[in-house]
Amino acid sequence: MAAFPFEIEATDGKARTGVLKTPRGDIRTPAFMPVGTAATVKAMTVDQVKDTGADIILGNTYHLMLRPSAERVKRLGGLHKFMRWDKPILTDSGGFQVMSLSGISKLTEEAVTFSSHVDGSKHVLTPERSIEIQADLLGSDIVMQLDECVAWPAEEARARKGMELSARWAKRSKDAFGTRDTQVLFGIQQGSTFENLRRESSERLREIGFDGYAIGGLAVGEGHQAMCEVLDYAPGFLPEDRPRYLMGVGKPIDLVEAVARGVDMFDCVLPTRSGRHGQAWTWDGPINLKNAKYAEDETPLDPDSDCPASRDYSKAYLRHLFKAEEILGQVLLSWHNIAFFQALTAAMRAAIAEGRFEQFRRDFAARHLGG
Ligand SMILES: CNc1nc2cc(C(=O)NN)ccc2[nH]1
């Protein structure tokens, strides 16, 4: 039973725009979720994040279970109170980061066991424990099943094994989650780049029944074109009346091309991580502010933006901050990049609502990739 109403307001081809209504607030889709890894969107205050127009942020179970621990977050009132973010939070299951960040990890039918990258301590993550951490201890609004994200490239037999384990863990996750009024559980489609496996994964998830469906196992090195080839069919295997969330994606062009193929929600560290390293994302493509050509460029990143970081500071000043390794550079560029990703999703929502998404898609690519 769907706890969060998802109202699709308009479609344009496969693209959709709508609202996912949650007790902590509405999420306008297509939506970009800033990544708030260790209870912070790095280098930003929650007020700055809110100021960009973000309706929801992502929290990482792996990081928070290691530090400060999920039990401590619970004792301190849960993740929303702890970090002072009162809008919706989606937490991931921890599975992906165990494989990409932790020390030795062992995967069995029962669980993933791993050693912490923080202090080497041993931890066990089962579908049931991940649900407990996300739903009961962190108190997130949108909970993700524990699954296995198979590395790319994968042989079909290996991808099938991972997809089938993820499907069994989807059932265990749903049973552990039970029925709740103010929180929902999303299943995750796996199957690497194999159409038959993606279809089978989707059929198994639909039989179990989820409030939303993620497309996992992409943006793992396959590249933009191969990802788009999977997205030509993978979103359509999922229920059209529920949100579709593409995990870990991506660059601005990835968002536009995925929305064109029916995706509604995204998360990616790109805007904050690249911002910390001096890369600014703009309608004309990415620029590296450390480049000497900006040394006396008095123009702002985007004079039309309502974000102070984009509108009020010269590129010359931002370059200076990065050359001097001043923390303010990382703050301002993270703020600008998140504001740009929010402006991009807002522009896509408007284009879909007005039936001009294909034109938007062409104009964006020409300008952003035009060079
Ligand atoms: C940056 N690329 C990227 N791919 C991801 C895939 C998953 C996934 O399949 N989780 N079950 C999660 C995060 C990801 N981030």
Side-chain angles (χ1 to χ4, degrees), residues 32-37 42 57-64 90-102 105 107 111-112 114 125-127 130-131 133-134 140 142-154 158-174 185-194 197-198 201-202 204-205 208 210 212-228 230-231 234-235 237-238 243-255 257-258 263 265-274 337 341:
F32 180 79
M33 301 183 280
V35 175
T37 298
K42 292 189 189 305
I57 63 171
L58 181 140
N60 287 132
T61 291
Y62 171 79
H63 288 274
L64 292 169
L90 179 148
T91 48
D92 66 5
S93 68
F96 180 80
Q97 289 187 310
V98 164
M99 309 316 270
S100 54
L101 286 177
S102 75
S105 61
L107 179 69
V112 190
F114 60 97
L125 204 50
T126 62
S130 182
I131 297 296
I133 290 172
Q134 297 178 70
S140 72
I142 301 177
V143 172
M144 300 305 295
Q145 72 156 92
L146 182 65
D147 66 341
E148 183 194 3
C149 175
V150 173
W152 179 90
R158 177 68 188 88
R160 171 170 288 282
K161 271 169 53 70
M163 181 275 285
E164 291 176 344
L165 175 65
S166 295
R168 292 192 296 274
W169 282 7
K171 179 71 170 86
R172 285 174 56 184
S173 300
K174 177 80 180 287
L185 177 67
F186 279 19
I188 304 177
Q189 180 201 78
Q190 289 289 353
S192 188
T193 55
F194 301 97
L197 298 184
R198 290 265 170 195
S201 174
S202 307
R204 293 180 182 214
L205 293 176
I208 298 164
F210 290 94
Y213 296 83
I215 296 169
L218 292 177
V220 287
E222 75 281 3
H224 177 79
Q225 188 186 332
M227 182 177 75
C228 286
V230 174
L231 295 175
F237 292 159
L238 299 170
R244 296 158 179 165
Y245 159 33
L246 178 54
M247 306 183 84
V249 174
K251 295 194 296 291
I253 192 65
D254 298 329
L255 268 62
E257 290 303 302
V263 174
M265 296 168 69
F266 302 88
D267 87 273
C268 193
V269 295
L270 179 67
T272 36
R273 181 176 295 169
S274 64
N337 282 348
F341 272 60

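Order of listing sets the numbers, starting from 1, for every ligand and every atom in it. Values below: all heavy atoms of this structure, side chains included; hydrogens, waters and symmetry mates excluded. Positions are given from 1 along the sequence.
When only modelled atom types and interatomic distance are considered, S202 and Q189 share a side-chain donor-acceptor pair under 3.5 Å.
Interatomic distance, S173 OG to I208 CD1, rounded to the nearest 0.5 Å: 8.5 Å.
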Next on the checklist: Does Y62 form a ring pair (Phe, Tyr, Trp, His ring centres under 6.0 Å) with F114? I'd like the steps, not just the answer.
Outcome noted: CA-CA 11 Å; Y62 171 79; F114 60 97; 5.6 Å; yes
Item to check | Residues F186, F210; criterion ring pair (Phe, Tyr, Trp, His ring centres under 6.0 Å); working and verdict | outcome: CA-CA 6 Å; F186 279 19; F210 290 94; 8.7 Å; no
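Remark: side-chain polar atoms of R198 are paired, donor with acceptor, to backbone N or O of S192 under 3.5 angstrom.
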Filter the ligand 1-protein atom pairs down to N or O on both sides and distance under 3.5 Å, then list them.
residue  : atom   : partner : partner atom : Å
ligand 1 : 2 (N)  : A219    : O            : 2.7
ligand 1 : 4 (N)  : L218    : O            : 2.7
ligand 1 : 9 (O)  : Q190    : NE2          : 3.0
ligand 1 : 9 (O)  : G217    : N            : 2.7
ligand 1 : 11 (N) : D147    : OD1          : 2.7
ligand 1 : 11 (N) : D147    : OD2          : 2.6

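Residues satisfying the side-chain hydrogen bond (donor to acceptor under 3.5 Å, both in side chains) criterion with S130, sequence neighbours excluded, are Q134.
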